[in-house]
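Working notes for the structure below.
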Amino acid sequence: MGAVLGLCSAAQLACCCGSTACSLCCSACPSCTNSTSSRLMYALMLVLVTIVCCITLAPGLHNELQKLPFCTNATDSTVTGLLPGNFKVDCDEAVGYLAVYRITFATCLFFLLMALIMIGVKSSKDPRAGIQNGFWAIKYLLVIGGIIGAFFIPGGQFASTWMVFGMIGGFCYIVIQLILIIDFAHSWAEIWVSKYEETESKGWYAALLISMLTCFALTLTGIVLLYVYYTKSNGCDLSKFFISFNLILVVVASGVSILPSVQEHQPRSGLLQSSVVSLYVMYLTWSALSNASKECNGLTGTSDDEKSYWSSFDKQRIIGLCIWVCSVLYSSIRTASASSKITMSEHILAKEGSTEGADGGEAGQGGNEPKVFDNEGDSVAYSWSFFHIMFALATLYVMMTLTNWFNPNSQLANENIASMWVKITSSWMCIGLYIWTLVAPAIFPDREFN
(Lines give C-alpha, C1' and ligand atoms only; values in the text may rest on other atoms or scores of the structure.)
Protein backbone atom coordinates (compact mmCIF):
# COMPACT_ATOMS: atom_id res chain seq x y z
CA MET A 1 0.00 0.00 0.00
CA GLY A 2 2.79 2.44 0.92
CA ALA A 3 4.59 1.79 -2.37
CA VAL A 4 1.40 2.37 -4.37
CA LEU A 5 0.73 5.63 -2.58
CA GLY A 6 4.34 6.65 -3.13
CA LEU A 7 4.10 6.04 -6.87
CA CYS A 8 0.81 7.92 -7.07
CA SER A 9 2.31 10.80 -5.14
CA ALA A 10 5.26 10.96 -7.52
CA ALA A 11 3.01 11.00 -10.56
CA GLN A 12 0.70 13.50 -8.92
CA LEU A 13 3.58 15.80 -8.05
CA ALA A 14 4.77 15.64 -11.63
CA CYS A 15 1.40 17.05 -12.63
CA CYS A 16 2.08 20.01 -10.37
CA CYS A 17 4.94 20.87 -12.67
CA GLY A 18 2.49 21.46 -15.47
CA SER A 19 3.37 18.43 -17.58
CA THR A 20 0.52 17.45 -19.88
CA ALA A 21 2.16 14.10 -20.54
CA CYS A 22 1.26 12.88 -17.05
CA SER A 23 -2.43 13.68 -17.19
CA LEU A 24 -3.32 10.01 -17.59
CA CYS A 25 -1.17 9.09 -14.60
CA CYS A 26 -2.75 11.85 -12.51
CA SER A 27 -6.27 10.69 -13.31
CA ALA A 28 -5.55 7.41 -11.53
CA CYS A 29 -4.12 9.08 -8.41
CA PRO A 30 -6.00 10.36 -5.37
CA SER A 31 -6.23 14.09 -4.79
CA CYS A 32 -4.09 15.80 -2.17
CA THR A 33 -3.48 19.25 -0.79
CA ASN A 34 -1.04 21.71 -2.26
CA SER A 35 0.82 21.88 1.03
CA THR A 36 1.42 18.13 1.05
CA SER A 37 2.52 17.92 -2.59
CA SER A 38 5.01 20.78 -2.17
CA ARG A 39 6.55 19.25 0.93
CA LEU A 40 6.89 15.92 -0.85
CA MET A 41 8.65 17.57 -3.78
CA TYR A 42 11.20 19.17 -1.45
CA ALA A 43 11.60 15.85 0.35
CA LEU A 44 12.20 14.18 -3.03
CA MET A 45 14.85 16.78 -3.80
CA LEU A 46 16.60 16.08 -0.51
CA VAL A 47 16.46 12.31 -1.03
CA LEU A 48 17.91 12.63 -4.54
CA VAL A 49 20.77 14.78 -3.20
CA THR A 50 21.41 12.11 -0.56
CA ILE A 51 21.55 9.42 -3.25
CA VAL A 52 24.13 11.46 -5.17
CA CYS A 53 26.18 11.80 -1.97
CA CYS A 54 26.01 8.04 -1.46
CA ILE A 55 27.24 7.49 -5.01
CA THR A 56 30.32 9.62 -4.32
CA LEU A 57 31.11 7.28 -1.43
CA ALA A 58 30.62 4.11 -3.49
CA PRO A 59 33.41 1.54 -3.05
CA GLY A 60 35.79 1.42 -6.02
CA LEU A 61 34.59 4.70 -7.56
CA HIS A 62 37.91 6.39 -6.77
CA ASN A 63 39.88 3.69 -8.60
CA GLU A 64 37.55 3.84 -11.58
CA LEU A 65 37.98 7.61 -11.89
CA GLN A 66 41.73 7.16 -11.99
CA LYS A 67 41.30 5.43 -15.35
CA LEU A 68 39.91 8.62 -16.93
CA PRO A 69 42.53 10.43 -19.03
CA PHE A 70 41.69 13.94 -17.81
CA CYS A 71 42.29 13.11 -14.12
CA THR A 72 45.53 14.45 -12.67
CA ASN A 73 46.27 11.04 -11.15
CA ALA A 74 45.19 9.01 -14.19
CA THR A 75 46.70 5.55 -14.36
CA ASP A 76 46.11 5.10 -18.10
CA SER A 77 48.74 7.16 -19.91
CA THR A 78 47.99 5.79 -23.39
CA VAL A 79 45.18 8.26 -24.05
CA THR A 80 46.50 11.18 -22.03
CA GLY A 81 48.28 12.61 -25.04
CA LEU A 82 45.00 12.82 -26.98
CA LEU A 83 43.70 15.59 -24.72
CA PRO A 84 44.21 19.20 -25.89
CA GLY A 85 46.79 21.22 -23.94
CA ASN A 86 47.30 20.35 -20.33
CA PHE A 87 43.63 19.78 -19.49
CA LYS A 88 43.64 18.10 -16.12
CA VAL A 89 41.06 17.76 -13.32
CA ASP A 90 41.63 16.58 -9.78
CA CYS A 91 39.11 13.74 -9.74
CA ASP A 92 39.68 13.17 -6.02
CA GLU A 93 37.48 16.23 -5.47
CA ALA A 94 34.52 14.38 -7.01
CA VAL A 95 34.49 11.50 -4.54
CA GLY A 96 34.79 10.91 -0.83
CA TYR A 97 33.81 12.89 2.21
CA LEU A 98 34.86 16.24 0.74
CA ALA A 99 32.51 15.71 -2.22
CA VAL A 100 29.66 15.12 0.25
CA TYR A 101 30.55 18.38 1.98
CA ARG A 102 30.41 20.31 -1.31
CA ILE A 103 27.11 18.77 -2.47
CA THR A 104 25.36 19.40 0.83
CA PHE A 105 26.83 22.91 1.01
CA ALA A 106 25.00 23.92 -2.16
CA THR A 107 21.79 22.17 -1.11
CA CYS A 108 21.82 23.78 2.32
CA LEU A 109 22.29 27.24 0.79
CA PHE A 110 19.29 26.61 -1.49
CA PHE A 111 17.01 25.84 1.46
CA LEU A 112 18.33 28.82 3.41
CA LEU A 113 17.64 31.05 0.40
CA MET A 114 14.11 29.69 0.20
CA ALA A 115 13.67 30.31 3.94
CA LEU A 116 14.65 33.96 3.49
CA ILE A 117 12.31 34.40 0.53
CA MET A 118 9.35 32.86 2.39
CA ILE A 119 9.61 34.98 5.56
CA GLY A 120 6.23 36.46 6.45
CA VAL A 121 4.05 34.48 4.01
CA LYS A 122 0.56 34.19 5.50
CA SER A 123 -1.44 32.49 2.75
CA SER A 124 -1.18 31.13 -0.79
CA LYS A 125 -2.54 34.46 -2.05
CA ASP A 126 0.94 35.91 -1.46
CA PRO A 127 2.83 36.35 -4.77
CA ARG A 128 5.67 34.26 -3.35
CA ALA A 129 3.38 31.21 -3.20
CA GLY A 130 4.23 30.48 -6.82
CA ILE A 131 7.90 30.16 -5.89
CA GLN A 132 7.08 27.83 -3.00
CA ASN A 133 4.64 25.58 -4.84
CA GLY A 134 5.88 25.78 -8.44
CA PHE A 135 8.84 26.34 -10.76
CA TRP A 136 10.12 22.89 -9.85
CA ALA A 137 12.27 22.46 -12.94
CA ILE A 138 13.99 25.80 -12.29
CA LYS A 139 14.54 24.98 -8.61
CA TYR A 140 16.00 21.57 -9.38
CA LEU A 141 18.29 23.09 -12.02
CA LEU A 142 19.32 25.75 -9.51
CA VAL A 143 20.35 23.07 -7.02
CA ILE A 144 22.25 21.16 -9.72
CA GLY A 145 24.06 24.33 -10.79
CA GLY A 146 24.90 25.13 -7.19
CA ILE A 147 26.34 21.66 -6.65
CA ILE A 148 28.54 21.98 -9.75
CA GLY A 149 29.70 25.40 -8.60
CA ALA A 150 30.52 24.07 -5.13
CA PHE A 151 33.22 21.84 -6.60
CA PHE A 152 35.13 24.95 -7.67
CA ILE A 153 35.39 26.22 -4.08
CA PRO A 154 39.07 26.11 -3.04
CA GLY A 155 39.84 23.52 -0.39
CA GLY A 156 41.75 25.50 2.23
CA GLN A 157 39.68 25.83 5.40
CA PHE A 158 36.39 25.02 3.67
CA ALA A 159 36.03 21.50 5.09
CA SER A 160 37.00 22.31 8.68
CA THR A 161 34.80 25.42 8.75
CA TRP A 162 31.82 23.71 7.16
CA MET A 163 32.18 20.81 9.56
CA VAL A 164 31.56 23.17 12.50
CA PHE A 165 28.32 24.32 10.87
CA GLY A 166 27.52 20.69 10.12
CA MET A 167 27.88 19.57 13.72
CA ILE A 168 25.74 22.44 15.02
CA GLY A 169 23.08 21.96 12.34
CA GLY A 170 23.18 18.18 12.71
CA PHE A 171 22.58 18.46 16.44
CA CYS A 172 19.66 20.85 15.87
CA TYR A 173 18.08 18.41 13.44
CA ILE A 174 18.54 15.55 15.90
CA VAL A 175 16.38 17.57 18.32
CA ILE A 176 13.73 17.99 15.61
CA GLN A 177 13.97 14.28 14.84
CA LEU A 178 13.44 13.51 18.53
CA ILE A 179 10.24 15.54 18.52
CA LEU A 180 9.00 13.75 15.41
CA ILE A 181 9.77 10.29 16.82
CA ILE A 182 8.00 11.06 20.10
CA ASP A 183 5.03 12.43 18.16
CA PHE A 184 5.02 9.25 16.07
CA ALA A 185 5.05 7.10 19.20
CA HIS A 186 2.12 9.01 20.74
CA SER A 187 0.14 9.05 17.48
CA TRP A 188 0.72 5.33 16.89
CA ALA A 189 -0.50 4.45 20.38
CA GLU A 190 -3.49 6.78 20.15
CA ILE A 191 -4.67 5.28 16.87
CA TRP A 192 -4.31 1.66 17.93
CA VAL A 193 -5.76 2.17 21.41
CA SER A 194 -8.75 4.01 19.94
CA LYS A 195 -9.26 1.17 17.43
CA TYR A 196 -9.23 -1.32 20.29
CA GLU A 197 -11.65 0.76 22.37
CA GLU A 198 -14.04 1.18 19.43
CA THR A 199 -14.06 -2.42 18.22
CA GLU A 200 -12.98 -4.28 21.39
CA SER A 201 -11.18 -6.58 19.00
CA LYS A 202 -8.55 -8.86 20.46
CA GLY A 203 -6.59 -8.38 17.25
CA TRP A 204 -5.82 -4.75 18.07
CA TYR A 205 -4.93 -5.69 21.64
CA ALA A 206 -2.59 -8.40 20.38
CA ALA A 207 -1.01 -5.96 17.90
CA LEU A 208 -0.37 -3.46 20.70
CA LEU A 209 1.11 -6.12 22.94
CA ILE A 210 3.32 -7.68 20.24
CA SER A 211 4.61 -4.29 19.07
CA MET A 212 5.45 -3.24 22.62
CA LEU A 213 7.21 -6.51 23.45
CA THR A 214 9.14 -6.47 20.18
CA CYS A 215 10.49 -2.96 20.79
CA PHE A 216 11.42 -3.79 24.38
CA ALA A 217 13.07 -7.04 23.27
CA LEU A 218 15.15 -5.19 20.68
CA THR A 219 16.06 -2.61 23.32
CA LEU A 220 17.19 -5.28 25.76
CA THR A 221 19.15 -7.04 23.02
CA GLY A 222 20.84 -3.76 22.13
CA ILE A 223 21.84 -3.16 25.74
CA VAL A 224 23.41 -6.61 26.01
CA LEU A 225 25.32 -6.16 22.74
CA LEU A 226 26.56 -2.75 23.86
CA TYR A 227 27.98 -4.26 27.03
CA VAL A 228 29.59 -7.07 25.04
CA TYR A 229 31.18 -5.04 22.25
CA TYR A 230 31.78 -1.61 23.78
CA THR A 231 32.99 -2.38 27.29
CA LYS A 232 35.82 -4.34 28.87
CA SER A 233 36.23 -5.84 32.30
CA ASN A 234 39.07 -3.41 32.99
CA GLY A 235 38.57 0.16 31.80
CA CYS A 236 35.99 1.70 29.45
CA ASP A 237 34.29 3.27 32.46
CA LEU A 238 32.74 6.07 30.42
CA SER A 239 31.11 3.58 28.04
CA LYS A 240 29.80 1.57 30.99
CA PHE A 241 28.37 4.75 32.49
CA PHE A 242 26.59 5.74 29.26
CA ILE A 243 24.99 2.32 28.82
CA SER A 244 23.99 1.91 32.47
CA PHE A 245 22.71 5.47 32.85
CA ASN A 246 20.59 5.28 29.70
CA LEU A 247 19.25 1.90 30.81
CA ILE A 248 18.14 3.50 34.08
CA LEU A 249 16.56 6.39 32.19
CA VAL A 250 14.45 4.18 29.91
CA VAL A 251 13.29 2.13 32.91
CA VAL A 252 12.31 5.32 34.73
CA ALA A 253 10.50 6.67 31.65
CA SER A 254 8.61 3.39 31.25
CA GLY A 255 7.60 3.50 34.89
CA VAL A 256 6.42 7.10 34.66
CA SER A 257 4.24 6.26 31.63
CA ILE A 258 2.04 3.93 33.71
CA LEU A 259 1.78 6.03 36.89
CA PRO A 260 -1.86 6.54 37.99
CA SER A 261 -1.56 10.33 37.88
CA VAL A 262 -0.22 10.17 34.31
CA GLN A 263 -2.92 7.69 33.27
CA GLU A 264 -5.58 9.94 34.77
CA HIS A 265 -4.67 12.82 32.48
CA GLN A 266 -3.55 10.67 29.53
CA PRO A 267 -5.54 7.43 29.50
CA ARG A 268 -3.91 6.31 26.25
CA SER A 269 -0.39 6.78 27.50
CA GLY A 270 1.38 3.50 28.05
CA LEU A 271 4.29 1.22 27.41
CA LEU A 272 4.04 1.24 23.60
CA GLN A 273 5.31 4.82 23.44
CA SER A 274 7.97 3.98 26.04
CA SER A 275 9.18 1.00 24.02
CA VAL A 276 9.60 3.06 20.84
CA VAL A 277 11.47 5.82 22.69
CA SER A 278 13.63 3.27 24.52
CA LEU A 279 14.64 1.63 21.25
CA TYR A 280 15.61 4.97 19.73
CA VAL A 281 17.60 5.92 22.84
CA MET A 282 19.56 2.67 22.55
CA TYR A 283 20.30 3.48 18.91
CA LEU A 284 21.64 6.90 19.91
CA THR A 285 23.74 5.25 22.63
CA TRP A 286 25.18 2.80 20.11
CA SER A 287 25.88 5.61 17.67
CA ALA A 288 27.65 7.59 20.39
CA LEU A 289 29.79 4.66 21.53
CA SER A 290 30.80 3.96 17.93
CA ASN A 291 32.61 7.31 18.00
CA ALA A 292 34.07 6.82 21.48
CA SER A 293 37.56 5.58 22.33
CA LYS A 294 38.64 2.95 19.81
CA GLU A 295 40.16 0.86 22.60
CA CYS A 296 36.62 0.23 23.85
CA ASN A 297 35.14 -0.43 20.43
CA GLY A 298 35.06 -4.15 19.78
CA LEU A 299 33.86 -3.67 16.20
CA THR A 300 36.87 -1.80 14.80
CA GLY A 301 38.78 -4.75 13.53
CA THR A 302 38.75 -3.65 9.91
CA SER A 303 41.58 -3.23 7.47
CA ASP A 304 42.97 0.11 6.33
CA ASP A 305 41.30 -0.32 2.95
CA GLU A 306 37.92 -0.64 4.62
CA LYS A 307 38.59 2.58 6.55
CA SER A 308 39.31 4.66 3.49
CA TYR A 309 37.13 7.52 2.36
CA TRP A 310 35.68 5.31 -0.35
CA SER A 311 34.60 2.56 2.01
CA SER A 312 31.08 1.16 2.03
CA PHE A 313 28.59 2.22 4.67
CA ASP A 314 28.58 0.65 8.08
CA LYS A 315 25.43 -0.47 9.84
CA GLN A 316 25.29 2.65 11.98
CA ARG A 317 25.12 4.99 8.99
CA ILE A 318 22.59 2.81 7.16
CA ILE A 319 20.24 2.78 10.15
CA GLY A 320 20.80 6.51 10.66
CA LEU A 321 19.89 7.21 7.04
CA CYS A 322 16.77 5.03 7.26
CA ILE A 323 15.59 6.91 10.36
CA TRP A 324 16.41 10.21 8.66
CA VAL A 325 14.42 9.34 5.52
CA CYS A 326 11.45 8.23 7.62
CA SER A 327 11.53 11.46 9.67
CA VAL A 328 11.72 13.62 6.52
CA LEU A 329 8.79 11.79 4.89
CA TYR A 330 6.84 11.84 8.17
CA SER A 331 7.26 15.61 8.47
CA SER A 332 6.18 15.99 4.82
CA ILE A 333 3.04 13.86 4.99
CA ARG A 334 1.89 13.95 8.59
CA THR A 335 -0.54 16.60 9.81
CA ALA A 336 -0.71 17.82 13.39
CA SER A 337 -2.85 15.69 15.71
CA ALA A 338 -4.24 15.97 19.22
CA SER A 339 -0.89 14.96 20.70
CA SER A 340 1.12 17.42 18.61
CA LYS A 341 0.72 20.28 21.05
CA ILE A 342 2.20 18.42 23.99
CA THR A 343 5.03 16.97 21.87
CA MET A 344 5.68 20.43 20.37
CA SER A 345 5.47 18.93 16.88
CA GLU A 346 2.66 21.36 16.05
CA HIS A 347 5.42 23.80 15.10
CA ILE A 348 6.88 21.27 12.64
CA LEU A 349 3.89 19.44 11.14
CA ALA A 350 1.26 20.97 8.89
CA LYS A 351 -2.14 21.82 10.26
CA GLU A 352 -5.41 20.82 8.71
CA GLY A 353 -6.51 23.46 6.24
CA SER A 354 -9.52 24.08 4.06
CA THR A 355 -10.28 21.18 1.73
CA GLU A 356 -12.16 23.19 -0.84
CA GLY A 357 -11.17 23.16 -4.48
CA ALA A 358 -10.58 26.14 -6.70
CA ASP A 359 -14.26 26.66 -7.46
CA GLY A 360 -15.44 26.29 -3.90
CA GLY A 361 -16.55 22.65 -4.15
CA GLU A 362 -15.17 19.80 -2.19
CA ALA A 363 -11.79 18.77 -3.49
CA GLY A 364 -11.62 15.50 -5.32
CA GLN A 365 -15.37 15.42 -6.12
CA GLY A 366 -16.26 15.43 -9.77
CA GLY A 367 -14.25 14.60 -12.86
CA ASN A 368 -12.96 18.14 -13.47
CA GLU A 369 -11.61 18.79 -9.99
CA PRO A 370 -7.84 19.31 -9.81
CA LYS A 371 -5.88 16.45 -8.31
CA VAL A 372 -3.78 18.91 -6.30
CA PHE A 373 -5.87 21.65 -4.73
CA ASP A 374 -5.03 24.74 -2.71
CA ASN A 375 -5.77 24.40 1.01
CA GLU A 376 -3.87 27.51 2.09
CA GLY A 377 -6.04 30.27 0.66
CA ASP A 378 -6.97 31.58 4.11
CA SER A 379 -3.74 30.77 5.95
CA VAL A 380 -0.69 28.58 5.41
CA ALA A 381 -0.86 25.04 6.81
CA TYR A 382 2.73 25.28 8.04
CA SER A 383 5.45 27.88 8.33
CA TRP A 384 7.09 27.88 4.91
CA SER A 385 10.19 29.62 6.19
CA PHE A 386 10.68 27.25 9.13
CA PHE A 387 10.09 24.28 6.85
CA HIS A 388 13.07 25.28 4.70
CA ILE A 389 15.21 25.91 7.77
CA MET A 390 14.34 22.41 8.97
CA PHE A 391 15.35 20.94 5.60
CA ALA A 392 18.60 22.92 5.67
CA LEU A 393 19.32 21.34 9.07
CA ALA A 394 18.32 17.94 7.65
CA THR A 395 20.89 18.46 4.88
CA LEU A 396 23.59 19.14 7.46
CA TYR A 397 22.54 16.11 9.46
CA VAL A 398 22.76 13.77 6.47
CA MET A 399 26.15 15.27 5.62
CA MET A 400 27.48 14.44 9.08
CA THR A 401 25.86 11.00 9.04
CA LEU A 402 27.35 10.06 5.67
CA THR A 403 30.81 11.26 6.70
CA ASN A 404 30.45 9.65 10.15
CA TRP A 405 30.98 13.09 11.73
CA PHE A 406 34.61 13.21 10.55
CA ASN A 407 36.60 16.10 9.10
CA PRO A 408 37.48 15.06 5.51
CA ASN A 409 40.82 16.84 5.78
CA SER A 410 41.90 14.89 8.84
CA GLN A 411 43.25 11.37 9.16
CA LEU A 412 40.29 9.02 9.29
CA ALA A 413 39.89 7.39 12.65
CA ASN A 414 37.22 5.70 14.69
CA GLU A 415 37.38 8.13 17.60
CA ASN A 416 35.38 11.35 17.45
CA ILE A 417 34.73 12.75 20.92
CA ALA A 418 32.64 15.72 19.76
CA SER A 419 30.29 13.43 17.85
CA MET A 420 30.05 11.10 20.84
CA TRP A 421 28.88 13.90 23.14
CA VAL A 422 26.44 15.27 20.55
CA LYS A 423 24.72 11.90 20.28
CA ILE A 424 24.77 10.94 23.94
CA THR A 425 23.38 14.35 24.88
CA SER A 426 20.65 13.81 22.29
CA SER A 427 19.69 10.53 23.96
CA TRP A 428 19.27 12.31 27.30
CA MET A 429 17.21 15.04 25.65
CA CYS A 430 15.00 12.38 24.09
CA ILE A 431 14.20 10.83 27.46
CA GLY A 432 13.70 14.25 29.04
CA LEU A 433 11.33 15.39 26.30
CA TYR A 434 9.34 12.15 26.46
CA ILE A 435 8.95 12.33 30.24
CA TRP A 436 7.84 15.94 29.85
CA THR A 437 5.06 14.89 27.46
CA LEU A 438 3.88 12.44 30.14
CA VAL A 439 3.95 14.63 33.24
CA ALA A 440 3.10 18.05 31.76
CA PRO A 441 -0.72 17.54 31.79
CA ALA A 442 -0.53 16.41 35.42
CA ILE A 443 1.71 19.30 36.48
CA PHE A 444 -0.35 21.90 34.62
CA PRO A 445 -3.95 20.58 34.79
CA ASP A 446 -5.42 23.96 33.84
CA ARG A 447 -3.46 24.16 30.60
CA GLU A 448 -4.93 22.81 27.37
CA PHE A 449 -2.60 20.28 25.72
CA ASN A 450 -4.97 18.85 23.10
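What you see is a predicted model; the values in this text were computed from it and never measured. For the numbers below, each heavy atom of this structure counts, side chains included, while hydrogens, waters and symmetry mates do not.
- Contact check for Leu112 versus Leu116: no side-chain heavy atoms found under the 4.5 Å cut-off.
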(request) Please lay out, stage by stage, how Asn133 and Trp384 fare under the test side chain to side chain contact (heavy atoms under 4.5 Å, CB included). (result) CA-CA 10 Å; Asn133 300 321; Trp384 292 359; 3.9 Å; yes
(message) Evaluate Phe184 against Cys326 for side chain to side chain contact (heavy atoms under 4.5 Å, CB included), listing each step before the verdict.
(response) CA-CA 11 Å; Phe184 166 76; Cys326 292; over 6 Å; no
(request) Kindly determine whether Phe111 and Leu46 satisfy side chain to side chain contact (heavy atoms under 4.5 Å, CB included), including the steps that lead there. (result) CA-CA 10 Å; Phe111 285 118; Leu46 198 51; 3.9 Å; yes
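- Closest non-hydrogen pair, Pro441 versus Thr437, comes out as CD-O, 3.7 Å.
- Taking CG of Leu289 as the reference point, atom CD1 of Ile424 lies at 6.0 Å (rounded to 0.5 Å).
- Rounding to the nearest 0.5 Å gives a distance of 12.0 Å between CZ of Arg102 and OG1 of Thr56.
- The closest side-chain heavy-atom distance from Met118 to Ile131 is below 4.5 Å.
- To the nearest 0.5 Å, atom CD1 of residue Ile435 and atom SG of residue Cys430 are 10.0 Å apart.
- Contact annotation: the side chain of Leu57 approaches that of Val100 to within less than 4.5 Å [non-hydrogen atoms, C-beta and beyond].
- A donor and an acceptor atom, one from each side chain of Glu190 and Ser187, are nowhere located under 3.5 Å apart.
- Side-chain N/O atoms of Ser427 and Thr285 include no donor and acceptor closer than 3.5 Å.
- Panel note: side chain Gln263, backbone Ser257; a donor-acceptor pair is recorded below 3.5 Å.
- Note: Tyr42 and His388 have perpendicular aromatic rings, judged against thresholds of 30 and 60 degrees for the angle between ring planes.
- Residues Cys53 and Val398 are not in side-chain contact: their nearest non-hydrogen atoms beyond the backbone lie 4.5 Å or more apart.
- Ser385 and Ile119 make their closest contact through OG-CG1, 3.6 Å (heavy atoms, listed as atom of the first residue, atom of the second, distance).
- Note: Phe387 and Phe391 meet the aromatic proximity criterion, with ring centroids under 6.0 Å apart.
- Residues Leu178 and Met429 come closest through the heavy atom pair CD1-CB, 4.1 Å.
- Listed here is the closest heavy atom pair of Ala253 and Leu438: O-CD1, 4.0 Å.
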(request) Take Trp421 and Phe242, measure what ring-ring contact (aromatic ring centres under 6.0 Å, His included) needs, and give me the verdict at the end. (result) CA-CA 10 Å; Trp421 282 107; Phe242 286 157; 5.4 Å; yes
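- With contacts defined as side-chain heavy-atom distances shorter than 4.5 Å, the pair Met163/Met399 does not qualify.
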(request) Apply the test side chain to side chain contact (heavy atoms under 4.5 Å, CB included) to residues Val250 and Leu279: give CA-CA distance (whole Å), side-chain angles for both, the deciding distance (0.1 Å), then the verdict. (result) CA-CA 9 Å; Val250 297; Leu279 184 59; over 6 Å; no
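- In this structure, Phe105 has its ring center under 6.0 Å from that of Phe158.
- Atom CG in Leu225 sits 9.5 Å away from atom CG in Leu220 (nearest 0.5 Å).
- When side chains are defined from C-beta on, Tyr140 counts as touching Leu44, because their heavy atoms get closer than 4.5 Å.
- Here the shortest heavy-atom pairing between Tyr230 and Ser239 reads O-CB, 3.3 Å.
- Between Tyr397 and Tyr173, the ring planes are tilted. Angles from 30° to 60° get that label.
- Taking each heavy atom of Leu98 and Ala159 in turn, the nearest pair found is CD1-CB, 3.9 Å.
- Heavy-atom contacts from other residues, nucleotides or ligands closer than 6.0 Å to NZ of Lys139 number more than 12.
- Without hydrogens or angle criteria, Thr425 side chain to Val422 main chain gives no donor-acceptor distance under 3.5 Å.
- Each of Ser254, Ser278, Ser274 was checked for a side chain to side chain donor-acceptor pair (under 3.5 Å) with Tyr434, and the lone residue meeting it is Ser274.
- Under the 4.5 Å side-chain criterion, counting only non-hydrogen atoms from C-beta, Met420 is in contact with Leu238.
- Between Ser275 and Ser211 the shortest side-chain heavy-atom distance does not fall below 4.5 Å.
- A distance of 7.0 Å separates CG of Leu113 from CG of Leu142, quoted to the nearest 0.5 Å.
- Note: Ile174 CD1 to Leu284 CG = 7.0 Å, rounded to the nearest 0.5 Å.
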